[in-house]
Amino acid sequence: MGPITLAADAKSSSVASLDARERTMRNSQLERRQSFASVNMGEEKPFDFIRTFFEGVIAGGTAGVVVETALYPIDTIKTRLQAAHGGAKINLKGLYSGLAGNLAGVLPASAVFVGVYEPAKQKLLKMFPENLSAAAHFTAGAIGGIAASLIRVPTEVVKQRMQTGQFTSAPDAVRLIVSKEGFKGLYAGYGSFLLRDLPFDAIQFCIYEQLRIGYKAAAKRDLNDPENALIGAFAGVLTGAITTPLDVIKTRLMIQGSANQYKGVFDCVQTIVREEGPPALLKGIGPRVLWIGIGGSIFFGVLESTKRSLAQRRPTPHQNSNTKQD
């Protein structure tokens with residue numbers, strides 16, 4: 001009986017060792033699969049569109065108001081630089097001109113953008129293959145940008161007209177623009193706005209999310225607020241520099257008013273290059289990169305902090321079960 005018992009023990013030990021190796025391999029594969037997912041998704045949970053949407057609305061609105069208030073003067077200088085023809089000097093007075101009216105648009109626009117982006121991102125991450133998570137983030141950013149553009153464009157038109165001294169208050173600006181140019185005047189430069197902002201939103205959020213995924217995988221922990229802010233700043237600087245020519249075109253089209261100096265995007269580009277030279281397409285790149293870099297740092301830092309705070313306030317399954325029992 002001794003040899004038979006030893007053989008059985010050896011066989012059992014071999015099977016147990018094989019099972020342990022298989023479990024280790026499965027866990028390793030699961031960890032690799034999770035590393036491709038968005039860092040904001042955390043553990044796999046049932047998708048709650050309504051909660052995700054409203055948490056995104058609150059976080060996006062908060063981040064948008066904070067960053068706009070902090071950096072509005074830099075944006076004003078950038079706009080005046082881009083609007084100046086030739087070597088004209090810019091006025092450094094009234095750098096907060098139009099802030100109140102702009103916040104009235106920034107708050108809902110930022111809220112709608114993040115409110116749409118977050119659930120779209122989570123759905124797309126489940127639909128796309130794991131190695132195409134960047135495409136999911138890029139697409140979600142574009143979807144959020146389209147939704148927010150319906151609010152952003154009128155806000156941007158009014159803001160830039162006030163920044164360049166055409167109007168003194170937002171209500172007067174809206175009333176006079178509509179009376180002289182019709183309702184479509186509030187959407188002046190809409191095509192160029194989408195040409196700039198859709199790639200900007202898509203690229204910035206894609207870079208930001210992918211950097212967070214890589215950083216989190218390397219650090220093997222959740223990121224803190226300064227780290228989120230640093231990644232947001234880098235994503236903003238890179239995206240801002242790439243899209244500066246699109247921003248110049250958008251600004252010229254939006255502030256031309258009823259004069260119709262430019263017939264469209266391509267005519268605007270040709271006119272600027274012919275009359276002012278190719279470097280004019282990079283006007284305001286310094287303030288723009290500074291503004292978006294600092295803005296990205298503040299925006300994403302506040303955004304992630306607010307999202308985390310909201311997530312901590314969610315009722316846990318244990319709390320829900322206790323409530324039902326009561």
Do the non-hydrogen side-chain atoms of [X] and [Y] ever get within less than 4.5 Å of each other?
X	Y	value
Leu71	Ile74	yes
Phe167	Ile177	yes
Lys283	Glu276	yes
His137	Lys121	yes
Phe200	Ile292	yes
Phe128	Ser133	no
Leu282	Val248	no

Next on the checklist: Pair Val153, Leu186 - check side-chain contact (heavy atoms from CB on, under 4.5 Å), show working.
Outcome noted: CA-CA 7 Å; Val153 174; Leu186 292 173; over 6 Å; no

Checklist entry - Aromatic rings Phe53 and Phe49: how do their planes relate, parallel, tilted or perpendicular, breaks at 30° and 60°? => result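 The arrangement is parallel - the two ring planes meet at less than 30°.
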
If you look at every heavy atom in [X] and [Y], which pair is closest and at what distance?
X	Y	answer
Gly56	Glu118	CA-CG, 4.5 Å
Leu303	Val114	CD1-CG1, 3.9 Å
Val116	Gly144	CG1-CA, 4.0 Å
Gly141	Asp201	O-CB, 3.8 Å
Ala188	Val157	O-CG2, 3.7 Å
Phe234	Leu211	CD2-CD1, 3.6 Å

Could you grab the distance from atom [atom1] of [X] to atom [atom2] of [Y], nearest 0.5 Å is fine?
X	Y	atom1	atom2	value
Arg175	Ser169	CZ	OG	8.0 Å
Asp222	Glu304	CG	CD	10.5 Å
Cys268	Ile249	SG	CD1	6.0 Å
Ile285	Leu290	CD1	CG	12.0 Å
Lys123	Leu125	NZ	CG	11.5 Å

Next on the checklist: Assess the residue pair Phe205 and Phe300 against the criterion (ring pair (Phe, Tyr, Trp, His ring centres under 6.0 Å)); give the C-alpha distance rounded to whole Å, side-chain angles, the decisive distance to 0.1 Å, and a yes or no.
Outcome noted: CA-CA 10 Å; Phe205 273 77; Phe300 285 110; 5.1 Å; yes

Give the cluster check for [X] versus [Y]: same hydrophobic cluster or not, with ILVMFWY residues linked at side-chain heavy-atom distances below 4.5 Å.
X	Y	answer
Leu107	Val112	no
Val269	Leu246	yes
Val65	Ile151	no
Leu103	Leu150	no
Ile231	Val66	yes

Donor-acceptor contact below 3.5 Å, side chain [X] vs main chain [Y]:
X	Y	value
Ser309	Thr306	no
Glu227	Asn224	yes
Tyr117	Ala142	no
Arg288	Ala241	no
Ser305	Val302	no
Asp48	Arg51	yes
Thr76	Leu95	yes

Item to check | For Gln204, all residues meeting side chain to side chain donor-acceptor pair (under 3.5 Å), sequence neighbours excluded | outcome: none

Next on the checklist: Going by side chain to side chain donor-acceptor pair (under 3.5 Å), name the residues that satisfy it together with Ser110, two or more places apart in sequence or in a different chain.
Outcome noted: none

Item to check | Pi-cation contact, Phe113 with Arg152 (under 6.0 Å, within 45°) | outcome: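 Yes, cation above the ring, under 6.0 Å and within 45°.
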
Checklist entry - Is it the case that more than 12 heavy atoms not belonging to Phe54 sit under 6.0 Å from its CZ atom? => result no

Item to check | Donor-acceptor pair between Arg252 and Thr271 side chains, under 3.5 angstrom | outcome: no

Checklist entry - Does any donor atom in the side chain of Thr244 or Asp247 lie under 3.5 Å from an acceptor atom in the other side chain? => result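 Side-chain D/A pair, Thr244 to Asp247: absent.
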
Checklist entry - Hey, mind stepping through Lys250 and Asp197 against salt bridge (Lys or Arg N to Asp or Glu O under 4.0 Å) and telling me if it holds? => result CA-CA 10 Å; Lys250 185 259 331 174; Asp197 275 48; over 6 Å; no

Next on the checklist: Between Lys159 and Asp75, does any NZ, NE, NH1 or NH2 come within less than 4.0 Å of an OD or OE carboxylate oxygen?
Outcome noted: yes

